[in-house]
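The structure under discussion appears below in the form of structure tokens.
Chain letters run A, B, ... following the sequence lines, proteins first and then strands; every chain starts at 1.
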Protein chains: 2
Amino acid sequence: MSISSVLPSQTSGASLQAKSLIQEAGERPTLSRQVVLEILLNTPRALTHTEIASAAAEAGNALDRVTLYRVLDWLIDKELAHKIASEDRVWRFNALSRDAQNSSSTHEHAHFQCKYCGQLYCLDELRPAFAFTLPPGFQCEHAELTLRGRCPDCQD
Amino acid sequence: MSISSVLPSQTSGASLQAKSLIQEAGERPTLSRQVVLEILLNTPRALTHTEIASAAAEAGNALDRVTLYRVLDWLIDKELAHKIASEDRVWRFNALSRDAQNSSSTHEHAHFQCKYCGQLYCLDELRPAFAFTLPPGFQCEHAELTLRGRCPDCQD
DNA sequence: AGGTGAACTGCTACACTGTTGCATATGTCT
DNA sequence: AGACATATGCAACAGTGTAGCAGTTCACCT
């Protein structure tokens, strides 16, 4: 999947969606925030900081590197997005669906990362459920499940 | 847990264990390799590169940063150790037990990371087991389960 | 409208983790 | 001991993310 395929168009409904999501949260819908959220809403997979910066630049709304970091942190703080760590030491960001926002288990979903292209997908339908016993003294508050393998784009 | 508490002593049995493990693998038991493997064998949790470097320096065997990276990669290649990614973008390293080395599922164990001190533990006894269905086109080759919460050292 | 204050943005500089290239040192084998 | 492969150390670099600060923009309130 190329970067341009996830580009938002300034006249699309997604732009309005991004703006209204921010306004509904009672926050300032600045251009930077709209652009970034729009990009995240328009792609099914999680994007790296670099990918988001490229997409914004190609859309004619180049953002400063630092500003993008701050916008992303802000989106996470407002629970409009979340970030996922992976083995390549790069954060990937994805918009949170409205459903997920209303759910009490907002961040409780599994992830899939392709071993071959590195793309990372949220598996919203897949809620980890398992039984285990921890060694004494350990208290579990949260479980993260990441599946690794081959994504649809990397079939032989 | 302080760094010094995981320091190996040059006269301990662990040093001999590290050396013999390397020799059994048919490889050169250089001082750097012995020191690093010894440190990993002597601690129950996974250590960062920085922690290992400090431990080696305190033991009187200061290593070059790059050499340490290469020794760690070498240990992983020889399946004497493994590394684990975590949200702080830092690799943590742990020795693989002899049992694990003989097992076909060497790396198939869960991890626990403390939200409060960042320490990371391997849960060798805890093998992830769950049933799930992936979206079409996704092929799972490997699953990683990381539990997050409070470790024994961080109780109120 | 215009003023005010909070916030957002962009620039520069920096810290940290990890890698590459190359010269030197070390270990192993004969 | 000598030769050769390999391991080590140094320097320089790349990528990701953060901190400080000045300048700009925005929302709100007369």
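In this structure, B:Glu87 places its CD atom 15 Å from C1' of D:dG17, rounding to the nearest Å. One interatomic measurement links the two molecules: CG of A:Leu31 to P of C:dG10, which rounds to 9 Å at whole-angstrom precision. Atom pair B:Tyr69:OH and C:dT17:P shows a separation of 7 Å (rounding to whole Å applied). Distance, B:Ile22 CD1 to D:dT6 P: 17 Å, rounded to whole Å. The distance from atom CZ of B:Arg33 to atom C1' of D:dG9 is 15 Å, rounded to the nearest whole Å. Rounded to an integer number of Å, the gap from CH2 of B:Trp74 to C1' of D:dT6 is 12 Å. Rounded to a whole Å, the CG atom of A:Asp88 is 15 Å from the C1' atom of D:dA14. Protein atom CZ of B:Arg28 is 11 Å distant from nucleotide atom P of D:dA5, rounded to whole Å.
The shortest side-chain heavy-atom distance between B:Leu41 and B:Leu21 falls under the 4.5 Å cut-off.
Using cut-offs of 30° and 60° for the angle between ring planes, the A:Tyr69 and A:His49 rings count as parallel.
Of the candidates A:Thr30, A:Leu40, A:Asn61, A:Asn61 is the only one forming a side chain to side chain contact (heavy atoms under 4.5 Å, CB included) with A:Val35.
Close to C:dC8, at under 4.0 Å from its OP1 or OP2, lies no side-chain N or O of A:Thr67. Between A:Trp91 and D:dT16, a side-chain N or O to OP1/OP2 separation shorter than 4.0 Å is absent. Taking side-chain N and O atoms only, A:Arg65 has no distance below 4.0 Å to OP1 or OP2 of D:dT16. Contact between the side-chain N/O atoms of A:Thr30 and the OP1/OP2 oxygens of C:dC8 is not found at any separation under 4.0 Å.
Nucleic acid contact for A:Arg70: base, since at least one base atom lies under 4.0 Å from a heavy atom of the residue.
B:Leu120 is not connected to B:Ile52 by any chain of hydrophobic side-chain contacts under 4.5 Å among Ile, Leu, Val, Met, Phe, Trp and Tyr, and they are in different clusters.
Closest non-hydrogen pair, B:Ile84 versus B:Cys122, comes out as CD1-SG, 4.0 Å.
Residue order along DNA chain D, read from the 5' end via each residue's closest nucleotide, puts B:Leu68 first among A:Asp73 and B:Leu68.
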